[in-house]
Number of protein chains: 2
Amino acid sequence: MHSLTEENYLKAIYRLSQKGLDKITPTALAEEMSINAASVVDMIRKLSDKKLINYDKQKGAKLTAQGNKIALDIVRKHRLWEVFLLEKLGYSWDVVHEIAEQLEHIKHEELADRLDKFLGYPEYDPHGDPIPNAKGEIPSIANTLLSEIEVGKTCQVTAVKDTSAVFLQYLEQLSIKIGTKIKVLEKIPFDASMAVQIEKDVKTTVSKKFAESLFVS
Amino acid sequence: MHSLTEENYLKAIYRLSQKGLDKITPTALAEEMSINAASVVDMIRKLSDKKLINYDKQKGAKLTAQGNKIALDIVRKHRLWEVFLLEKLGYSWDVVHEIAEQLEHIKHEELADRLDKFLGYPEYDPHGDPIPNAKGEIPSIANTLLSEIEVGKTCQVTAVKDTSAVFLQYLEQLSIKIGTKIKVLEKIPFDASMAVQIEKDVKTTVSKKFAESLFVS
DNA sequence: TAAATAAATTAGATAGCCCTAATTTAATTC
DNA sequence: GAATTAAATTAGGGCTATCTAATTTATTTA
Ligand SMILES: [Mn+2]
Ligand SMILES: [Mn+2]
Ligand SMILES: [Mn+2]
Ligand SMILES: [Mn+2]
C-alpha cells in the first residue's frame with residue numbers, strides 16, 4: 001500500500017507532466033511541493049524502488065503505468081470531492097481545493113465510483129479541470145488562454161489555470177465563472193493588458209497576468 | 001493543532017468513559033486501540049502536556065473540557081459521515097464505519113455543520129448511536145438490552161451495541177434493522193438464549209451474546 | 001577552458017508514533 | 001506478610017518523512 005505522502009508526490013509528478021515539463025527534476029518537484037530538494041531525492045528513490053516511477057538523471061522522473069494509475073485515481077477523487085463540496089455542501093470554489101486535498105486520500109475500493117454516480121457523473125470540476133472517469137479516460141482539456149483571443153472576438157470561460165484563492169475570489173468579484181462570455185475589446189500594447197466586456201454589462205481592464213490565467217474556447 | 005493519532009486517542013478515551021469505565025488505565029486504552037501499553041503511556045504524557053486529558057495513577061485518564069470538545073467533534077463528524085455514506089452513497093451499515101474512521105479526521109471549520117445541514121440534521125447514525133449537534137448536545141442514548149426484555153413483551157431495536165461487520169451482516173440476514181420490532185417468545189435457562197419473533201413473520205432463536213448486543217426500547 | 005554557479009546527492013539530525021524487553025510499582029493470593 | 005502475578009513505566013530502537021549542511025556533479029559564463 002502507498003502512503004498519503006507517496007500519493008502526493010505521484011500527483012505532483014502527474015501535475016508537472018501535464019504542464020508539459022520535458023524533464024521532471026528533483027528541484028522542480030521540490031518547488032512544486034514546497035519541500036526541500038534533499039527530501040525529494042529520498043522519495044524519488046523510494047518511489048523508484050516501488051516501481052511507481054522511473055528516474056533517470058538525464059530524463060528526470062516519469063510515472064510508470066502503475067504510478068500513473070494511482071496518480072489518476074487521486075486526481076479523480078480530488079475533483080469529484082470538489083464537485084461534492086461545491087454542489088452539495090455549498091462551499092465556494094476558492095475553498096474546495098484545500099478540503100479536497102485531504103479527502104482525495106480517503107481509501108475505499110468503490111468510493112470514487114459511488115461518489116461519481118451520486119454526483120451524476122460530472123465531467124469537469126468547479127475550476128473547469130477534467131475529471132477522469134472510472135476507466136481513467138479524461139475529457140479534452142482547454143488550452144487556449146484569454147490572452148490569445150483576438151480583439152473583437154467573444155469567447156467563453158472553460159477553466160481557470162491559476163486556482164489560487166486570491167484569483168478565484170477576484171473572478172467571483174467580477175462575476176466570472178465557468179461558462180461566462182468575455183469579449184475582447186482592446187489590447188494595450190504597453191503592458192499587454194486587455195479591455196474586456198463580461199457578458200452584456202460590465203466593461204473592465206484586466207492585466208496580462210490575469211489574461212494568462214484563464215482558459216477559454 | 002492536534003494530529004490524527006491524538007484525535008484517535010481522545011476518541012478512544014471518550015468511548016471508554018461512555019462505556020462507564022470508572023478508571024481509564026493505559027492497559028484499557030491499549031486493549032481498546034489494539035496498541036502496545038508502552039505506546040499508550042507515551043501518548044498519555046503528550047496529551048497531558050497539551051492539557052487535553054488529566055492523568056492520575058489513581059483515577060486514570062480523564063478528558064479535560066478542551067479534550068472532550070475535540071473528542072465530541074470527532075464523534076460528530078464520524079457519525080455524520082456514516083449517515084452520508086449510507087444514505088447518499090448507498091453503502092451498507094457494515095462498511096460505513098471503517099470509511100468514517102478516515103473521514104472523521106478531515107479538518108475544516110464549517111465542514112461538520114454543512115454536512116449536518118445537507119443530511120437534514122440527523123439525530124442518530126446508521127447503528128442507532130446519537131449524533132452530537134453543533135452545540136455538542138447529545139440525544140438520549142438507548143440502554144436497555146434485548147436480553148433484559150421479559151417473555152411475552154415486544155420491543156423495538158434502537159441501536160446496536162456491537163458494531164462489528166460480522167454482527168451487522170448477521171442482522172442484515174435476519175432482516176433486523178433500527179426500528180424492527182422483536183417479540184420475546186421464550187428464554188432458555190440452559191444457555192440464556194432466546195426464542196424471538198422478528199416483525200410478524202420470522203421466528204428464530206438467538207444466543208445470549210446476540211441478545212446482549214442489541215439495544216431496544 | 002577555467003572559474004563560477006546551480007543542481008543533485010549524501011550525511012547526519014529531528015519529530016511523531018510505534019515496538020520489544022527490562023524494570024519498577026501495585027495488587028493478589030497463599 | 002511474603003511470594004506471585006499483573007500493571008505501569010522506562011530504556012532503547014525502528015520507520016517515515018522531513019530538515020540543514022556538506023559534498024559531488026553539471027551547467028553556465030567569462
Ligand atoms: Mn483542486
Ligand atoms: Mn493531497
Ligand atoms: Mn462508527
Ligand atoms: Mn479515526
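Lettering of chains follows the sequences in order, A, B, ..., and the numbering in each one begins at 1. FYI, side chains are in, hydrogens and waters are out, and symmetry mates aren't considered; it's all heavy atoms of this structure.
- Across the protein-nucleic acid pair, A:Lys59 atom NZ and D:dA26 atom C1' stand 19 Å apart, rounded to whole Å.
- Straight-line distance from the CG atom of B:Asp49 to the P atom of C:dC17: 13 Å, rounded to whole Å.
- For the contact set between residues 6-17 of chain A and DNA chain D, defined by any heavy atom under 4.0 Å, the members are A:Tyr9.
- Among residues at least two apart or in separate chains, there is no salt bridge (Lys or Arg N to Asp or Glu O under 4.0 Å) pair with a member in residues 131-150 of chain A.
- Listed pair A:Ser3 / D:dT16 fails the phosphate criterion, with no side-chain N or O lying under 4.0 Å from OP1 or OP2.
- At a non-hydrogen distance threshold of 4.0 Å, B:Ile35, B:Asn36, B:Ala38, B:Ser39, B:Asp42, B:Met43 from residues 33-44 of chain B come into contact with DNA chain C.
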Expected list for residues 84-99 of chain B: side-chain donor-acceptor pairs under 3.5 angstrom, two or more places apart:
residue	atom	partner	partner atom	Å
B:Tyr91	OH	A:His108	ND1	3.0
B:Tyr91	OH	A:Leu111	N	3.2
B:Ser92	OG	B:Asp94	OD1	2.5
B:Trp93	NE1	B:Leu168	O	3.2
B:Trp93	NE1	B:Glu172	OE1	3.1
B:Asp94	OD2	B:Gln169	NE2	2.6
B:His97	ND1	B:His78	NE2	3.1
B:His97	ND1	B:Glu82	OE2	3.3
B:His97	NE2	B:Glu101	OE1	3.1

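- We find that CG of A:Leu29 is positioned 15 Å from C1' of D:dT18, with the value rounded to whole Å.
- Between the CD atom of A:Gln58 and the P atom of C:dT9 there is a distance of 10 Å, given to the nearest Å.
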Evaluate the side chain to side chain contact (heavy atoms under 4.5 Å, CB included) criterion for residues B:Leu10 and B:Ile74: first the C-alpha distance (whole Å), next the side-chain angles of each, then the deciding distance (0.1 Å), finally the verdict.
-> CA-CA 9 Å; B:Leu10 293 174; B:Ile74 303 293; over 6 Å; no
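- Here the options are A:Asp73, A:Leu80, A:Asn8, the test is side-chain contact (heavy atoms from CB on, under 4.5 Å), and the partner is A:Glu104; only A:Asn8 passes.
- Partners of B:Arg79 according to the salt bridge (Lys or Arg N to Asp or Glu O under 4.0 Å) rule, which considers only residues two or more places apart in sequence or in another chain, are B:Asp125.
- Legend: salt bridge (Lys or Arg N to Asp or Glu O under 4.0 Å) pairs involving residues 161-171 of chain B, not counting sequence neighbours: none detected.
- Separating the CD atom of B:Glu31 from the C1' atom of D:dA7 is a distance of 14 Å, rounded to the nearest angstrom.
- The NE2-P distance, from B:His2 to C:dA15, rounds to 21 Å in whole Å.
- Listed by chain and number, the residues in a side-chain hydrogen bond (donor to acceptor under 3.5 Å, both in side chains) with A:Asp113 are A:Arg76 (sequence neighbours excluded).
- Within the structure, the ring pair (Phe, Tyr, Trp, His ring centres under 6.0 Å) test picks out no pair touching residues 16-61 of chain A (sequence neighbours left out).
- Here C:dT24 presents its P atom at 13 Å from NZ of B:Lys57, a figure rounded to the nearest Å.
- Within the structure, every side-chain polar atom (N or O) of A:Arg45 is placed at least 4.0 Å from both OP1 and OP2 of C:dT9.
- For B:Lys107, the salt bridge (Lys or Arg N to Asp or Glu O under 4.0 Å) test picks out B:Glu7, with sequence neighbours left out.
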